[in-house]
Structures are given as structure tokens and as C-alpha cells.
Amino acid sequence: MGNKFNKIITSGMSAILRLIKTKAPEQGIPSKLIDESSINEVVKAMTLDEKAQLVIGSGYPGPNGLAGATHAIPRLSIPSITLSDGPAGVRIGGLFTVDAPRYATAFPIPSLLSATWDVDQITKVAKAMGEESREYGVDILLAPAVNIQRDPLGGRNFEYYSEDPFLAGTMAAAFINGIQSMGVGASIKHFAANNQETNRTTINVVVSERALREIYLPAFEMAVKQAKPWTVMSAYNAVNGAFATENRYLLTHILREQWGFGGLVMSDWWAVKNPLKALRAGNDLIMPGVYRGPFPMPALIKALYNNSSAPIPHLLKTAVQNTALSESDLDSCVRHILKVIVKTPTFKGEYKDVDYKRKTNLTKQTAAKGARIDREVAAEGMVLLKNKNHALPIKRVTTVGVAGQNAIVDLNDNKLGIIIGGGGSSQVNVEPKNVVSLVEGLKNAPFVVVNSINGKKVVEGLDVGEAAYLAENTDIGLVSIGRASTEGIDRLDMDMKPEEVQLIKNLSNAYHKEGKKLVVVLNIGAPIEVVSWRDYADAILLAWQPGQEGGNAIADVLSGKVNPSGKLPVTFPAKYNDVPSYGNFPGNTAMNTVHYAEGIYVGYRYYDTKGVEPAYAFGFGLSYTNFTYDNLKLNSTKMELDKDEPLTVSVDVSNIGNTSGKEVVQLYIHDERSSLERPYQVLKGFEKITLKRGETETVTFTIDKRALLAYDEASKNWTAEEGLFKVLIGSSSRHIKQKCQFRAVGTWSIDKRFRFIL
Ligand code: BGC
């Protein structure tokens with residue numbers, strides 16, 4: 001009782017104190033930023049100069065080589081907050097700066113993270129990144145990147161999650177929840193339709209409203225509604241004629257009015273062409289501010305950023321004075337920024353005791369934890385594409401003959417034997433000694449590795465005699481094929497080099513002659529061509545770009561310590577001219593335009609509807625064990641659209657193999673007949689389960705009426721039509737194991753504010 005009374009008194013006192021502080025301008029003392037409730041008063045107390053300063057980042061690079069920061073306004077107790085990349089780990093120091101290298105954990109690329117199809121795994125990674133952000137005093141991590149992998153040649157596909165918006169949105173929401181649970185903000189990017197690197201800062205994406213709503217926006221929409229990211233990053237490109245940074249339709253109408261986004265929108269780095277238009281459209285923060293690097297801005301970067309240095313606050317101030325920009329528009333941007341600032345660890349004083357200027361490495365404990373999580377998750381997202389006659393796991397084998405790109409352990413025989421991630425802003429400065437190459441990983445397993453013949457490293461060239469030598473002297477052969485890709489440039493092709501195919505053929509023949517097997521490991525970030533050579537391999541493991549512990553993680557899967565359970569988040573096409581965007585990627589670069597002519601038929605939506613056989617289907621991945629699917633049950637064969645009563649579907653999944661393993665059970669919805677043209681099927685649910693040998697689990701999904709929605713351009717609204725729908729349950733989009741059906745009846749009139757959760 002007494003305690004409660006005390007509490008009332010103290011909370012009353014602090015309210016009065018706050019009132020005194022926030023009411024202070026009338027008494028000539030500036031308002032202070034205390035918490036969210038003080039924001040309006042602070043905005044009133046701000047001068048035009050201060051407002052203009054706050055909406056522009058404080059310059060590039062940010063403190064300690066970070067990607068950026070905001071301006072501090074000490075007079076009003078507004079601190080500078082720090083922003084760091086990115087999607088594969090905290091990027092701090094090093095790149096583009098002469099700042100001291102600062103090390104963090106290089107986690108797997110996001111494509112691998114989504115290949116786990118496991119929200120717990122991605123949450124674990126996000127939390128670890130949150131912990132590392134905190135060690136370096138980072139307030140906002142510039143991740144996740146959720147753009148759709150529209151074409152296999154997209155230079156940043158490795159950094160994105162999937163060709164499917166439901167998978168990408170589910171993983172993004174889990175990532176954001178993970179990072180923000182650590183008190184660090186997320187920045188979901190790049191909003192929107194940023195699906196290529198060619199002419200990325202100038203290209204105009206011409207895309208139908210339906211494709212936007214059904215393919216390019218839902219990952220953002222799901223994440224915004226389900227996980228409330230503190231910030232959204234607007235993209236470089238233009239969408240239907242207006243730059244994303246200046247696109248009021250996207251930034252205000254869709255994001256804020258329809259989805260209810262309450263955070264701040266920042267631009268991508270130097271993406272803003274016209275600051276007034278950007279602020280008016282709802283792009284609150286113009287990043288990063290002026291370039292103030294240690295050397296003159298390289299000509300290439302200048303060219304990429306349209307030769308613009310950051311707009312100056314003076315320009316904005318004059319604009320308000322000339323009424324070219326309304327002060328209320330500027331105030332709304334300032335308010336959004338302050339709303340995020342008050343949530344940050346810096347604002348809360350949580351970073352004040354650490355000297356970040358001196359800090360150049362993680363604590364031992366955090367570094368060890370990061371490495372452990374990277375190894376676990378990397379193994380979990382690797383996809384076994386082929387495993388003829390149980391070539392894997394490597395059992396009762398001691399000697400591995402390694403050839404191909406990763407056969408080099410390093411230039412001086414220590415590192416470089418693995419591509420751990422992609423290039424650009426998501427590249428993490430990892431301490432070199434912490435990178436585990438493929439050969440090192442195999443040795444740690446432990447296997448005896450033979451990777452040189454007559455003192456020569458087996459990289460690409462290897463003649464028939466040398467192949468025979470390797471096959472005679474080792475128990476199993478391993479060829480690794482690597483592909484690097486980076487932000488800023490799209491890939492030229494998805495081809496294999498003739499010498500790589502020759503290497504695989506020579507080794508295949510040599511090992512098969514000895515009655516031994518050949519394994520191919522793909523150390524890549526996005527699909528490559530596989531049809532021309534896969535028959536020569538007994539097993540193919542897609543290892544992606546697995547982060548710093550990659551070598552160990554690959555060895556864990558090859559040795560059977562980990563049973564592979566990754567599934568493809570993207571289709572591997574049989575050949576490049578099968579892809580739906582073929583001919584429309586990267587568009588007409590002279591005209592700076594790309595037409596998304598394939599509309600909603602992206603990825604498996606195209607292959608499965610048009611009957612084009614992929615090399616490996618969306619959702620596909622093998623295990624060292626086998627699963628069966630039985631006993632599909634649907635609780636009703638009728639769904640009433642005017643009610644909110646989801647159906648329940650369950651299926652029994654059994655592990656009928658000899659070892660325990662994990663399966664990703666996937667649920668697709670097929671619309672039997674509809675007035676709108678629709679893809680054959682769309683993913684609407686998935687669940688990853690672990691089963692011991694002989695075990696059975698009943699997997700239950702709910703099917704919400706939202707799973708039936710399609711976007712109707714005529715009515716500018718989502719629609720769910722009456723009629724017959726099929727529920728397809730499978731282990732990939734092309735391996736459907738069980739089917740059932742229900743009829744949707746009645747009508748659902750959808751409020752155009754689209755506030756329902758997708
Ligand atoms: C990238 C963003 C990144 C930013 C800051 C840009 O080049 O497109 O994803 O967050 O740089 O490094």
C-alpha cells in the first residue's frame with residue numbers, strides 16, 4: 001500500500017518535472033528531448049537551422065568508419081545516433097576509409113539465412129548482430145534487405161532473401177524482431193523495386209500496380225505490420241516515373257497511410273536527387289550528408305551518385321523561407337526522426353561508458369558466440385541438391401582430394417580458400433585469422449586433404465593424368481566452384497567456365513574409374529547453370545557464401561555431423577533464357593528504363609504456371625534421411641469470406657530413413673478458377689520440423705482468408721473471390737505430396753486502408 005502510494009507520488013513528481021522542462025521555452029530555457037511525449041515541444045523550440053540540420057545525415061563515413069550518423073543538437077539534448085550496415089553482420093571501419101579496422105562476425109549471406117526456412121535460426125543471427133551492434137555503440141543496423149530476387153543475375157541477390165515475397169517477408173519480420181529485441185533499430189531496405197544494380201541510381205522501374213502489390217511490396221508490408229521496424233530505407237531507383245526517395249505514393253500513401261508505418265524513412269546513401277521533393281514525399285532523413293572521407297571522393301563514386309555531394313541545410317532553410325517547402329512538412333520529418341532517436345541506446349545513455357573510438361574488436365565472448373552461431377546457421381542453410389547412391393555423408397573416408405576454386409588455402413598458402421560473403425556495404429570486416437577456409441574446415445573434421453599435385457594447387461586446370469593421380473591417392477573427390485558478386489554491378493551471366501566443366505568431367509571419370517565418388521560444392525550467392533555438368537557429380541552441395549566459419553560448416557554437412565535441411569529460396573533455372581525476366585533485365589539502360597514485363601510471374605510463379613522445367617525447383621533440398629507425408633486433414637471444406645474463421649489443415653510427416661533430420665513442410669494455395677489471371681500456386685505457409693528416425697509429427701497450418709487475396713487493378717483493391725481452392729502440401733513447389741480442397745463462399749469487402757495483416 002505504502003509502496004504504491006510512494007510510486008504515485010514519484011510518478012506525479014516526474015510528470016511535474018517533465019512539464020517544467022517541456023514548458024521551459026516560455027521561460028527562455030530551451031525544451032529538452034526527454035521522451036516521446038516531449039517531441040512536440042522540442043520541435044516548437046527548434047530553429048529552422050536546427051531542423052534543416054537534423055534531416056540531413058552528419059556525413060560519410062560516420063564515426064569509427066560506420067555508414068553514417070545524425071547531427072547532434074546538444075542545446076535540446078538531441079544526441080547524434082549511429083547507423084551501421086548491414087545484412088550479413090555489423091560493418092564498421094575499413095571499407096572506403098583509412099579508419100582502423102574494426103572486426104565483427106561475418107555471418108552467412110541473407111540468401112543462406114532464408115534457405116534455412118527457419119525463423120528461429122534467423123532470429124538467433126539477428127540477436128547476435130544486435131549484441132555486436134551494442135558492443136560498437138550502434139543504434140540502427142541497416143538491415144534487412146528484402147528486395148525480390150527478380151533475375152538470377154541481380155548483383156545483390158545474395159543480400160536479399162528470396163524470389164517469393166511470403167518467404168522474404170516472414171524471414172524479414174523475424175530478423176527485425178530479433179534485432180529490435182536487443183534494443184537496436186532495424187532499417188528495412190530498399191523500398192522499393194530495387195532489383196538490379198545496373199544504372200541503379202537512375203533506372204526507372206516500370207511495373208504494374210498488381211506486381212508491385214503482390215510481388216515487390218508484400219515483404220515490406222509483412223515486416224512493417226508484423227515487426228514494426230524503426231526505420232525504412234528508400235531505394236536508389238525510380239518506380240513508375242518517380243524516384244523512390246521522392247515517391248509520395250510509396251513513402252506516404254502506401255507506407256504510412258495504408259500500412260500504418262510510424263517510424264522514420266531514410267534515403268539510401270546519396271540517393272536523394274532533389275531534397276525538397278524528398279522531404280515533401282515523406283523521406284524524413286537524407287543520408288549520409290556530405291562526403292568527408294580521408295581522400296577525395298573517387299570519381300567512380302561521384303559518378304554513381306550523380307555527381308552530387310549532399311544537399312546543404314542552407315538550401316532547406318531558404319526553401320522554407322521561400323515557402324518552396326512548408327514548415328509543417330519539415331516538422332513532420334523532424335518528428336519522425338526524434339521519435340526514433342528517443343528509442344535508441346545512445347539516447348537512453350546505454351552507450352555512455354564505452355570508449356568506442358578505441359574499440360577495435362568484439363569481446364572474446366561475443367566473438368566466440370558469433371562464430372558458433374555462424375557455423376550452426378551456415379550448416380542449416382546449405383542445400384543438398386544431389387546425392388546419388390548416398391555419396392554423402394562422407395563416411396569411413398579419410399582422404400579427400402580437393403580441386404577447384406577453394407583448393408587454394410590462400411595466396412601464400414593460408415587464406416582465401418573460401419568466399420564468405422558478397423561485396424559492397426554488406427561486406428563485414430572480419431579478422432582474417434577467424435576465417436575458416438574449405439581446406440581448413442575439412443582438416444578440422446578431420447580429413448586428410450590432398451590439394452596439390454607435384455607442388456601445383458589444383459585450381460582450374462588439371463589434366464587427365466593429374467586427375468587419375470588424385471583419384472588413386474584419395475578416397476573421394478571434391479570440386480569447389482566459387483562465384484563472387486557485389487553491390488553496384490549485376491552479374492554478367494550464370495554460366496560455368498569451360499575449364500570448370502572440364503575439371504569436373506576429368507575428376508568424375510578418374511574417381512568413377514576407381515569406384516569412388518565426386519562431390520561438387522557450390523560457394524556461390526545466386527544460381528548458376530548446373531544442367532551441363534551435374535550428371536558428372538555424385539553429390540552437389542550448395543554451400544552459398546556461408547560467413548567466416550564456412551569451411552567448418554561445409555565439413556559439418558559433408559561429414560554428416562549435420563544433416564542438411566536447407567531448401568532453395570530461389571529457383572535454379574535450367575538455362576538463363578528460361579528466366580521470366582529474360583530480355584527485360586537490366587532493361588534499356590540507354591533509356592534508363594526497365595519494364596517488369598513478366599508482371600506477377602516471378603520465380604516459381606512463372607515456371608510452375610507456364611510449365612517450364614527448372615534445374616532445381618523453389619523449395620527444393622535433400623536430406624540424408626527421407627520423409628513421407630500422409631493423412632491430410634482439413635477441418636472444413638468451406639471458407640466463409642464474410643467471417644474471420646481460418647481453416648485448419650494438418651498432415652502427418654514421418655522420418656522413414658536411418659537418421660534424424662529436418663524437413664520444411666510447405667503449403668501452397670492453388671486457385672482453381674478466378675476472374676483474375678493467377679499463378680498456378682503461391683506459397684502461404686511453411687514449417688520446419690525435426691524428426692528422429694522412425695518418428696512422425698502432425699504439422700498443422702491455419703489458412704486465413706488473406707491467403708486467397710489477389711490485387712485487382714480495376715477496383716484498386718485486394719480481392720478474395722468465391723470458388724474452389726486447392727491446398728497443396730509438399731517438400732518443394734514441384735514435389736507436392738498431399739492435396740485437398742475447399743470452397744470459398746460469400747464476400748469480403750476490404751477496407752482500402754489495407755490495415756489487415758498480410
Ligand atoms: C547501400 C545500402 C547501404 C548504404 C550505406 C548503399 O550503397 O545501397 O544498402 O545501407 O550504402 O552503406
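Read the numbers this way: they start at 1 and go in the same order the structure lists the ligands and their atoms.
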Is the closest basic N to carboxylate O distance between R256 and D284 below 4.0 Å? yes

Against heavy atoms of [X], which atoms of ligand 1 measure under 4.0 Å?
{"X": "S425", "value": "1 (C), 2 (C), 3 (C), 9 (O), 12 (O)"}
{"X": "R200", "value": "7 (O), 8 (O)"}
{"X": "K189", "value": "2 (C), 3 (C), 9 (O), 10 (O)"}
{"X": "L142", "value": "10 (O)"}
{"X": "M233", "value": "10 (O)"}

| field | Under 3.5 Å donor-acceptor, T593 side chain and N204 backbone | value | no

At under 4.0 Å between heavy atoms, is it the side chain or the backbone of [X] that contacts ligand 1, or both, or neither?
{"X": "E197", "answer": "neither"}
{"X": "R156", "answer": "side chain"}
{"X": "H190", "answer": "side chain"}

Correct closest heavy-atom pair for G89 and M129 would be N-CE, 3.5 Å

If you count heavy atoms of other groups shown closer than 6.0 angstrom to [atom1] of [X], is the number above 12?
{"X": "K369", "atom1": "NZ", "result": "no"}
{"X": "K343", "atom1": "NZ", "result": "yes"}
{"X": "K277", "atom1": "NZ", "result": "no"}

| Taking distance alone, with no angle check, do R91 and ligand 1 share an N/O pair under 3.5 Å? | yes

Requested in this report: Compute the shortest N/O to N/O distance between E159 and ligand 1 and return yes if it is under 3.5 Å, no if not.
Outcome: no

Start with the C-alpha distance between E131 and R134, add both sets of side-chain angles, then the distance that settles salt bridge (charged side-chain N to carboxylate O under 4.0 Å, His left out), and finish with yes or no. CA-CA 5 Å; E131 221 167 305; R134 293 190 75 91; over 6 Å; no

request  = State if W270 counts as touching ligand 1 under the rule of any non-hydrogen atom under 4.0 Å.
outcome  = no

In terms of side-chain heavy atoms, does E598 have a donor or acceptor partner in S581 at a distance below 3.5 Å? no

